[in-house]
Amino acid sequence: MLRRTTTAAAADTIATLVLARRSVRHPALSALARADAVGGQFMNDKHASMSTLPLSEARALVTAAMTRAGHNAADAEIVADHLIDCELRGLSFGGLARALSVVERIRATPARPGPIRIIAETAVSATLDGGDQVGYVVGVRALELAMQKARAHGLSVVGARNTWFTGMFSYYLEQAAQAGFAGMIAGSGPAVAAPHGGTEGRFGTNPIAFGFPSTPTPVIWDIGTAAVMYGDVMLKARLGAGLKPDQAYDADGAPTLDPTAALNGAFGVWGGHKGSGLAMVVQLLGMMTGAAAAPPGISDVGLFIVLVDPAVLTDAADYRRRVGAFADSVRATRPVEGGSAVRVPFDRSAACREETLRRGTIDVPEAVAAALRREAGLAEIEEGTVRG
């Protein structure tokens, strides 16, 4: 796991941190972005009022919110670690804001989740039923099983279904690459993205990622095949911010900048007809786990993991060195006139994480921070009315 701090008693930690300090507001930024009443335009989400949170407080908030939502301590920490890593890497739509979506999904589901079960298995493969548990937890279990089998047999394929919100696939592949494995992860989901030339949802946002061991950091390419990711649309809807042109359609098939209309319509696909083809491939890989082609609501994501130990094909240590050397040769490519240095996939994430860890804080929309404090029980702590 990528846990960099631990939270043994999240509620106590939050109380101590918050009573010692208050959110740092940015007075130059406007209040929550809202639609213009005359022009129907949306302000950029960067204009939202922000709070600056120490990383320790942000982690404690997520852990407490997950615990109050019904997760045990270990699972709450798994979710928090994943969401904080999103924030460290500058992917705020998958960070603290996603914690609110997790709580909302749990609250909207009357039935309690079941256990994570292995429902099919061979020496090199397994299929998991996630029991409708959140995908961050199911994904970690699937990754651990895949690494165990690849370590023993040189390769593995593990699928998981009946889960939701699996997060960044680079989060899992970084751990796999650090353990020496190359891998691919693909994930299908509810029909929210339209195929090229269409305006109705048929695909999930359908991320796919590849990871390779290297030094000093792995090479990881992690993309979504939709023009905009679900978490980004949800965050903009919370903030009253608008989408970019050509990202989504409303329920009638008209292009829209309104994230709420997009949630009721369809997202566009990334990469034209090529991206649409890749999105369909990812959907079919997810369906191979037994996941539905078009599951209702936020449910039944198909998670498809393949890991390979390079040692089954070549000298593993030499391969790691050659991957690093090739990555350096890509970085050394002459840039276009006036352009910045060429990057390798995962360079930006690694640099952003290093800088955020050095700074020790993250900036979070005040609306998100306030809502998360409520879900963590912080409002009760501040008012001195903690319920037993």
Side-chain angles (χ1 to χ4, degrees), residues 26 28-29 33 41-48 50 85-95 168-171 173-174 177 182-185 193-197 205-229 231-233 235-236 241-248 255-257 267-279 281-282 318-359 362-363:
H26 299 274
L29 299 177
Q41 300 298 311
F42 290 82
M43 295 180 67
N44 192 297
D45 52 342
K46 292 181 180 179
H47 293 133
M50 305 294 283
D85 197 49
C86 288
E87 294 283 359
L88 293 176
R89 292 162 53 183
L91 304 171
S92 58
F93 64 84
M168 302 183 298
F169 291 169
S170 54
Y171 176 86
L173 286 173
E174 184 175 11
M184 183 273 287
I185 302 179
H196 178 61
T205 55
N206 288 13
I208 184 169
F210 298 83
F212 302 89
S214 180
T215 301
T217 58
V219 174
I220 303 174
W221 186 58
D222 183 358
I223 65 161
T225 55
V228 62
M229 297 306 289
D232 200 11
V233 179
L235 178 57
K236 284 179 166 57
L243 301 174
K244 295 178 182 178
D246 303 319
Q247 286 189 329
T256 185
L257 304 181
F267 308 160
V269 72
W270 165 84
H273 68 281
K274 294 181 180 180
S276 187
L278 182 58
V281 168
V282 173
D318 179 61
Y319 178 71
R320 182 189 288 262
R321 286 192 297 270
R322 289 190 294 122
V323 171
F326 181 71
D328 285 341
S329 76
V330 172
R331 295 183 184 99
T333 304
R334 181 177 58 245
V336 298
E337 185 176 352
S340 56
V342 174
R343 296 186 309 202
V344 167
F346 206 65
D347 281 356
R348 185 211 62 81
S349 278
C352 184
R353 182 166 61 198
E354 182 178 353
E355 169 58 24
T356 308
L357 287 169
R358 184 198 62 77
R359 189 173 65 245
I362 56 174
D363 291 334

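Quick note: residue numbers are just sequence positions, from 1. Computed from a predicted structure; not experimentally measured.
- Taking 4.5 Å as the limit, every side-chain heavy atom of I208 sits out of range of all side-chain heavy atoms of V281.
- Separation of atoms CD1 (I220) and CD1 (I185) is listed at 9.0 Å; rounding is to 0.5 Å.
- Residues satisfying the side chain to side chain contact (heavy atoms under 4.5 Å, CB included) test with A194, not counting sequence neighbours, are A266.
- Judged purely by atom type and a 3.5 angstrom limit, N206 uses its side chain to pair as donor or acceptor with the backbone of A279.
- Closest non-hydrogen pair, E174 versus P218, comes out as CG-CG, 4.2 Å.
- Here the options are V219, T217, D328, the test is side-chain contact (heavy atoms from CB on, under 4.5 Å), and the partner is V344; only V219 passes.
- Within a 6.0 Å sphere centred on CD of E355, heavy atoms belonging to other residues, nucleotides or ligands number more than 12.
- Residues meeting the side chain to side chain donor-acceptor pair (under 3.5 Å) test with S349, sequence neighbours left out: R89.
- With sequence neighbours left out, D222 forms a salt bridge (Lys or Arg N to Asp or Glu O under 4.0 Å) with no residue at all.
- Between S214 and V323 the shortest heavy-atom distance is CB-CG1, 3.6 Å.
- Ring orientation note: the planes of W221 and F210 are close to parallel, at an angle under 30° on the 30°/60° scale.
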key: Candidate pair K236 and L243, rule side-chain contact (heavy atoms from CB on, under 4.5 Å), full reasoning   = CA-CA 7 Å; K236 284 179 166 57; L243 301 174; 3.6 Å; yes
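- Applying the salt bridge (Lys or Arg N to Asp or Glu O under 4.0 Å) rule to R334 yields no partners; only residues at least two apart in sequence or on another chain are considered.
- Taking CG of L91 as the reference point, atom CZ of R348 lies at 5.0 Å (rounded to 0.5 Å).
- Looking at P245 and L257, their side chains come closer than 4.5 Å, going by heavy atoms from C-beta outward.
- Taking CD1 of I223 as the reference point, atom CH2 of W270 lies at 3.5 Å (rounded to 0.5 Å).
- Judged as a salt bridge (Lys or Arg N to Asp or Glu O under 4.0 Å), and not counting sequence neighbours, R343 has no contacts.
- Between the side chain of S329 and the backbone N or O of F326, at least one donor-acceptor pair lies under 3.5 Å.
- Contact record, P335 with S340: CB-O, 3.3 Å, taken as the closest heavy-atom pair.
- With values rounded to the nearest 0.5 angstrom, C86 atom SG is found 7.5 Å from F93 atom CZ.
- From F212, atom CZ reaches atom CZ of R322 across 12.5 Å, with rounding to the nearest 0.5 Å.
- The line from CZ of R320 to OG1 of T215 is 5.0 Å long, rounded to the nearest 0.5 Å.
- Across A227 and Q247, no two heavy atoms sit closer than the pair O-NE2, 3.7 Å.
- By the side chain to side chain contact (heavy atoms under 4.5 Å, CB included) test, T205 pairs with V192, P207, A226, M229, Y230, F267, sequence neighbours left out.
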